[in-house]
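As structure tokens, the structure follows; a few thoughts come after it.
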Amino acid sequence: MELVGAPVTELKSLLSSSFEEWASAAGASGASGASCALSGGGSALIFLSALRNANVDWRKITLFWADERAVAPDNPESNYGLAERMLLAPLGAQAPRAIRMPAEASNLKQAALWYDDALASELDGSVLDLAILGVGEDGHVASMFPGHPALHDQRRVVAIEDSPKPPPRRLSLTLNFLLQARKIWVVAIGQRKLAVLQAAINKTSHATPLDSVIRHGKDVSVFTDQTLRR
């Protein structure tokens with residue numbers, strides 16, 4: 001695990017340069033281009049602006065989403081909508097392909113199956129090249145919450161009808177699928193994330209999805225503005 005700590009302004013620059021390096025390496029390693037899943041929430045305000053400033057060939061990158069709330073894409077709570085405003089629209093004609101989760105569908109289980117199939121087809125049965133994840137104060141990542149039954153789902157995508165954090169209805173990549181990603185970047189901003197992040201880094205906790213990411217992710221980097229002890 002790599003730990004990258006810096007003030008937020010510097011962290012944005014580090015995220016931009018890291019994304020440039022990743023895109024160059026991932027694009028060169030396969031003719032089909034590179035795949036990247038994005039989360040939402042407060043951390044996205046940091047990494048989306050960083051990605052927007054990155055000098056990359058977006059034509060070689062396909063974006064997916066780690067999770068989405070059951071709202072329309074133009075709703076202020078939409079993770080896709082946030083990315084549209086902060087990344088896709090500003091990039092204009094240079095914007096990458098973006099395959100959003102249809103979480104506004106009335107039948108979330110059908111929507112989950114559709115996105116599962118889309119991932120299988122787009123990735124040719126393989127795994128994500130990169131997943132960029134925020135983290136909650138309780139250690140949740142994407143919409144994988146501590147103690148929730150969805151943590152044990154073995155598919156790529158799961159419908160959640162009873163999220164402990166509003167809104168209750170969501171789509172999420174499963175922890176099983178996220179842990180298979182070639183690279184995972186955890187972006188943890190703010191004092192309220194310090195305790196759960198410190199416990200995960202020191203491996204003194206086993207109770208949260210973040211703990212699982214730190215312990216079992218193939219290639220994990222943590223970007224944070226907090227000072228951590230190792």
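This chain uses plain numbering: 1 for the first residue, then up along the sequence. Model, not experiment: these values are computed from the prediction.
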Note to self: If you count heavy atoms of other groups shown closer than 6.0 angstrom to CD of Gln94, is the number above 12?
What the structure shows: no

Next item on the list: Give, for atom CG of Leu171 and atom CG of Asp67, the distance between the pair rounded to the nearest 0.5 Å.
Entry: 9.0 Å

Check: Is a side-chain donor or acceptor of Asn79 paired with a backbone partner of Ser39 at a separation under 3.5 angstrom?
Finding: no

Margin query: So, taking the atom named CG in Leu197 and the one named CG in Asn202, what distance separates them when rounded to the nearest 0.5 Å?
Written below: 9.5 Å

Notebook entry, point to check: What pairs of residues pass the ring-ring contact (aromatic ring centres under 6.0 Å, His included) test when at least one of them lies in residues 65-124, not counting sequence neighbours?
Noted result: Trp65-Tyr80

Item checked: Check: Gln198 and Gln226 side chains under 4.5 Å, non-hydrogen atoms -> no

Check: CG of Leu210 to CE of Met144: how many Å apart, nearest 0.5 Å?
Finding: 14.0 Å

Note to self: For Ser35, is there any backbone N or O sitting under 3.5 Å from a side-chain donor or acceptor partner on Asp129?
What the structure shows: yes

Checklist line | Gln180 side, atom CD; Lys218 side, atom NZ - distance, nearest 0.5 Å | finding: 6.0 Å

Notebook entry, point to check: Which pairs pass salt bridge (Lys or Arg N to Asp or Glu O under 4.0 Å) with one or both residues in residues 72-90, sequence neighbours excluded?
Noted result: Arg69-Glu77

Notebook entry, point to check: Excluding sequence neighbours, so at least two apart, what forms side-chain contact (heavy atoms from CB on, under 4.5 Å) with Lys109?
Noted result: Asn107, Ala159

Checklist line | Beyond-backbone contact of Leu45 with Met86, side-chain heavy atoms, under 4.5 angstrom | finding: yes

Note to self: Under the rule for side-chain contact (heavy atoms from CB on, under 4.5 Å), what residues qualify as partners of Asp117, not counting sequence neighbours?
What the structure shows: none

Check: Can you tell me if Glu68 uses its side chain to pair, donor with acceptor, with the backbone of Ala66 under 3.5 Å?
Finding: no

Checklist line | Whether Lys193 side chain and Val135 backbone form a donor-acceptor pair below 3.5 Å | finding: yes

Margin query: Can you confirm whether Phe19 sits close enough to Ile61 that some side-chain heavy atom of one is under 4.5 Å from a side-chain heavy atom of the other?
Written below: yes

Notebook entry, point to check: Can you check whether Asn55's main-chain N or O pairs, donor with acceptor, with Glu20's side chain at less than 3.5 Å?
Noted result: yes

Check: side-chain contact (heavy atoms from CB on, under 4.5 Å) between Asp153 and Phe177: does it pass, once the steps are laid out?
Finding: CA-CA 9 Å; Asp153 199 295; Phe177 186 61; over 6 Å; no

Checklist line | Any side-chain heavy-atom pair of Phe64 and Leu173 under 4.5 Å | finding: no

Notebook entry, point to check: To the nearest 0.5 Å, what is the distance between CG (Leu48) and CG (Leu15)?
Noted result: 10.5 Å

Check: Out of Leu51, Leu38, Ile99, which one pairs with Leu63 under the side-chain contact (heavy atoms from CB on, under 4.5 Å) rule?
Finding: Leu38

Note to self: Taking side-chain hydrogen bond (donor to acceptor under 3.5 Å, both in side chains) as the definition, give me every residue that meets it alongside Ser172, ordered by chain and number, with sequence neighbours left out.
What the structure shows: none

Checklist line | Heavy-atom closest pair, residues Val158 and Ala150 | finding: CG1-CB, 4.1 Å

Check: Looking at Ala72 and Ser78, what are the two nearest heavy atoms and their distance?
Finding: O-CB, 3.5 Å

Notebook entry, point to check: Of all heavy-atom pairs between Ala188 and Thr224, which one has the smallest distance, and what is that distance?
Noted result: O-OG1, 2.8 Å

Check: Checking Asn53 side chain against Ser49 main chain: does a donor-acceptor pair fall under 3.5 Å?
Finding: yes

Notebook entry, point to check: Excluding sequence neighbours, so at least two apart, what forms side-chain contact (heavy atoms from CB on, under 4.5 Å) with Pro90?
Noted result: Arg52

Margin query: Looking at Arg192, I want to see if its CZ is surrounded by more than 12 non-hydrogen atoms of other residues, nucleotides or ligands under 6.0 Å.
Written below: no

Margin query: Under the side-chain contact (heavy atoms from CB on, under 4.5 Å) test against Met1, which residue among Val220, Val186, Asp219, Val213 passes?
Written below: Val220

Checklist line | Interatomic spacing from CD in Glu10 to CZ in Phe223 - rounded to 0.5 Å | finding: 12.0 Å

Notebook entry, point to check: Tell me, do Arg170 and Lys165 make a side-chain contact under 4.5 Å, heavy atoms counted?
Noted result: yes

Notebook entry, point to check: Looking only at heavy atoms, what is the nearest atom pair of Gly190 and Asp225, with distance?
Noted result: N-OD1, 3.0 Å

